[in-house]
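Positions are given from 1 along the sequence. No experiment lies behind these values; they were computed from the predicted model shown. Computation of the quantities below employed the complete heavy-atom set of this structure, encompassing side-chain atoms and omitting hydrogens, waters and symmetry-equivalent molecules.
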Amino acid sequence: MAMEEYMVPCMNKKLFGIECFGCGTQRSLWMLLQGDFVGAFKMFPAIYTTILLFAFIGLHFIDKSRNYKNMIIGLAIANAVIMVVSYFYKLTH
């Protein structure tokens, strides 16, 4: 892929040789844009909750008549849990 040449490398992986919690986010988003939904999930399992989180953050700034605070907090917690679990799964498998 020519697009991978322009992606930002993970500095944690370059310096320490260990992936960070967000490793695979860019490639997962690229796979998602190409229509590879399963591949995107395998690359970065929190991709769908991350997209939902950013969508609700955007709605929070656009739609001032509703309160999205609880949804944002819930999605942030779910996203963090998925990232931590998938990180330790990658380390052990």
Side-chain angles (χ1 to χ4, degrees):
M1 274 185 214
M3 188 64 177
E4 286 189 8
E5 296 174 11
Y6 300 105
M7 292 186 182
V8 179
C10 177
M11 293 309 292
N12 192 49
K13 191 171 183 176
K14 275 193 165 207
L15 293 174
F16 305 114
I18 301 171
E19 291 186 354
C20 67
F21 289 101
C23 271
T25 307
Q26 292 179 88
R27 285 173 182 76
S28 177
L29 185 59
W30 180 246
M31 290 173 143
L32 194 64
L33 292 174
Q34 289 181 330
D36 186 7
F37 301 109
V38 175
F41 179 78
K42 287 180 180 178
M43 180 67 67
F44 182 66
I47 187 69
Y48 298 112
T49 55
T50 303
I51 290 171
L52 279 174
L53 176 63
F54 282 115
F56 276 101
I57 289 172
L59 281 173
H60 176 72
F61 287 112
I62 293 170
D63 185 11
K64 298 290 185 182
S65 65
R66 295 185 183 174
N67 187 4
Y68 295 102
K69 181 181 172 185
N70 291 335
M71 185 62 79
I72 291 171
I73 291 171
L75 283 170
I77 291 169
N79 200 28
V81 168
I82 293 169
M83 288 172 72
V84 169
V85 169
S86 66
Y87 177 75
F88 286 112
Y89 181 80
K90 281 183 187 180
L91 283 179
T92 59
H93 290 88

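- Taking each heavy atom of Met31 and Ala40 in turn, the nearest pair found is SD-N, 3.8 Å.
- Nearest heavy atoms, Gly24 versus Met43: O-CG, 3.4 Å.
- Hydrophobic clustering (ILVMFWY, side-chain heavy atoms < 4.5 Å, transitive): Phe54 and Ile77 are in distinct clusters.
- Taken from OG in Ser86 to NE2 in His93, the straight-line distance is 13.0 Å, to the nearest 0.5 Å.
- Tyr87 and Phe21 have tilted rings, their planes meeting at an angle from 30° to 60° on a 0 to 90° scale.
- Under the 4.5 Å side-chain heavy-atom criterion for grouping Ile, Leu, Val, Met, Phe, Trp and Tyr, Leu91 is connected to Val84 within one hydrophobic cluster.
- Cluster annotation: Ile57 is connected to Leu59 through the hydrophobic network of ILVMFWY side chains, with a link wherever side-chain heavy atoms come within less than 4.5 Å.
- Counting only heavy atoms from C-beta outward, the side chains of Leu29 and Phe44 never approach each other to under 4.5 Å.
- Atoms CG and CZ, on Asp36 and Arg27 in that order, are 14.0 Å from each other to the nearest 0.5 Å.
- At most 12 non-hydrogen atoms from other residues, nucleotides or ligands lie less than 6.0 angstrom from NZ of Lys13.
- Taking OG1 of Thr50 as the reference point, atom CG of Asn79 lies at 3.5 Å (rounded to 0.5 Å).
- Among all heavy-atom pairs drawn from Lys14 and Pro9, the shortest one is CE-CB, 3.8 Å.
- Residues Ile18 and Val85 are members of separate hydrophobic clusters, defined by side-chain heavy-atom contacts under 4.5 angstrom among Ile, Leu, Val, Met, Phe, Trp and Tyr.
- Atoms SG and CZ, from Cys10 and Phe16 in turn, are 10.0 Å apart once rounded to the nearest 0.5 Å.
- Note that CD1 of Ile73 and CG of Leu53 are 11.0 Å apart. Values are rounded to the nearest 0.5 Å.
- Tracing side-chain contacts under 4.5 Å through hydrophobic residues (I, L, V, M, F, W, Y), one reaches Phe61 starting from Leu52; they form part of the same cluster.
- Contact check for Phe37 versus Ile47: no side-chain heavy atoms found under the 4.5 Å cut-off.
- Using a 30° and 60° split on the angle between ring planes, Tyr68 and His60 fall in the perpendicular class, above 60°.
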